[in-house]
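What follows is a short report on a single structure.
Every value quoted in this text rests on a predicted model; they were computed, and no experiment measured them.
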Amino acid sequence: MSTTQKAVRERYAKAASEMSAAPGACCGGGCGCETGDYSAQDLKLIGLSQSVSLGCGNPTLLAALNPGEQVLDLGSGGGMDVLLSARRVGPTGHAYGVDMTDEMLALAEANLARAGARNATFLKGTIEAVPLPDGAVDVVISNCVINLAEDKGAVIREAYRVLKPGGRLAVADMVELDALAPEVKQAADAWAGCIAGTIPFAEYRGLLVAAGFAEPDIEVHAVTEVPEGGRIGSAYIRARKPDQIR
């Protein structure tokens, strides 16, 4: 395991422990517990608070989910986006979450039991090798996780693989707007903190196109100045798998 991936695992294992010990507290372990994109009503319906999110947006709204759809959340963490997705797709749909961290999976299962959802499943695995078959889902979402992967191209190719023809990708992620200082890019803690692993949105779009996605769109909705130099942005990223695959 690389130094950066070890740092990611350690940070998210710690975040899961903190959330389990103090469910109402902001753990500070991810890209930002301060995001306010979830309605109080939605959170009440699944019995969770904003603190469960370690993300940088709300991909469940970005995806415009419909009843009966199959949804996959890459890097599902404590399970909030999976549980919200499960409610939106209803009893005829299903929401899957995949995460590599045992501590986060345990937290997600506890949150699943608390919410009482019967159409949600959490799977252990990596986002570079999703444990689902080809064409399994209608929508792939993710919340501030793809930037943590060392091989982002592999993640995007996996998202494409598990989508049905005509399926949608709708993720919240961090992107690099101005080049980061070399010492920041090399720091494992900055990688685990959703900073060092960011890539320019032009490169992000290129990876989407190379994987086969159509109509890629990247919208930056918040900008952060990095003290050591450079800027990163919270972005909403949308793309579609073509209806007919050549």
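Shown are T126, D99, V145, V155; of these, the side chain to side chain contact (heavy atoms under 4.5 Å, CB included) with L74 is made only by V155. The only option from K241, R168, R240 that meets the salt bridge (Lys or Arg N to Asp or Glu O under 4.0 Å) definition with E215 turns out to be R240.
Under the rule for a side chain to side chain contact (heavy atoms under 4.5 Å, CB included), the partners of D151 that lie at least two apart in sequence or sit in another chain are A154, R157. With sequence neighbours left out, the side-chain hydrogen bond (donor to acceptor under 3.5 Å, both in side chains) criterion links T121 to H94. Partners of E128 according to the salt bridge (Lys or Arg N to Asp or Glu O under 4.0 Å) rule, which considers only residues two or more places apart in sequence or in another chain, do not exist here. Contacts of S2 classified as side-chain hydrogen bond (donor to acceptor under 3.5 Å, both in side chains), with partners at least two apart in sequence or in another chain: T4, E150.
Taking both residues in full, the closest heavy atoms of L112 and A117 are given as CD1-O, 3.3 Å, listed atom of the first, atom of the second, then distance. Between A63 and I141 the shortest heavy-atom distance is CB-CG2, 3.9 Å. The two residues Q70 and A136 come nearest to each other via the heavy atoms CB-O, 3.8 Å. Between T92 and P67, the shortest heavy-atom distance links the atoms OG1-C, 4.2 Å. A149 and I127 get closest at one heavy-atom pair: CB-CD1, 4.2 Å. Pairing each heavy atom of V71 with each of S85, the nearest pair is CG1-OG, 4.1 Å.
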Side chain to side chain contact (heavy atoms under 4.5 Å, CB included) assessment of R88 paired with L61: CA-CA 10 Å; R88 291 200 168 93; L61 289 181; 3.4 Å; yes
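Both Y96 and V98 are assigned to one and the same hydrophobic cluster, defined by single-linkage of ILVMFWY side chains at heavy-atom distances under 4.5 Å. Cluster annotation: V162 is connected to L123 through the hydrophobic network of ILVMFWY side chains, with a link wherever side-chain heavy atoms come within less than 4.5 Å. Residue L177 is grouped with residue L208 when hydrophobic side chains (ILVMFWY) are merged at heavy-atom distances under 4.5 angstrom, including chains of intermediate members. The hydrophobic cluster containing M104 also contains M100, counting ILVMFWY residues as joined when their side-chain heavy atoms lie under 4.5 angstrom apart, directly or transitively. Hydrophobic clustering of Ile, Leu, Val, Met, Phe, Trp and Tyr side chains at less than 4.5 Å, counting indirect connections, keeps L83 apart from V89.
A side chain to side chain donor-acceptor pair (under 3.5 Å) check over residues 216-231, counting only residues at least two apart or in different chains, returns the pairs D178-R231, D217-R238.
Contact check for L163 versus F213: side-chain heavy atoms found under the 4.5 Å cut-off. Residues P91 and N119 form no side-chain contact, since every pair of their non-hydrogen atoms from C-beta on lies 4.5 Å or further apart.
If you take CG on N147 and OG on S234, they are separated by 9.5 Å, rounding to the nearest 0.5 Å. One distance of note links CD1 of I237 with CD1 of I156; it measures 8.0 Å at 0.5 Å rounding. Between the OG1 atom of T60 and the CG atom of D73 there is a distance of 9.5 Å, given to the nearest 0.5 Å.
At distances below 3.5 Å, at least one donor-acceptor pair connects side-chain atoms of Y236 with backbone N or O atoms of N58. With hydrogens and angles ignored, the 3.5 Å screen pairs a side-chain donor or acceptor of R161 with a backbone N or O of L132. Side chain of D81 to backbone of S76: no donor-acceptor contact under 3.5 angstrom is found.
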Considering only distance and modelled atom types, tabulate donor-acceptor pairs under 3.5 Å from the side chains of residues 188-206, sequence neighbours left out.
unit_1 : atom_1 : unit_2 : atom_2 : d
W191   : NE1    : L148   : O      : 2.8
T198   : OG1    : I195   : O      : 2.8
Y204   : OH     : D173   : OD2    : 2.6

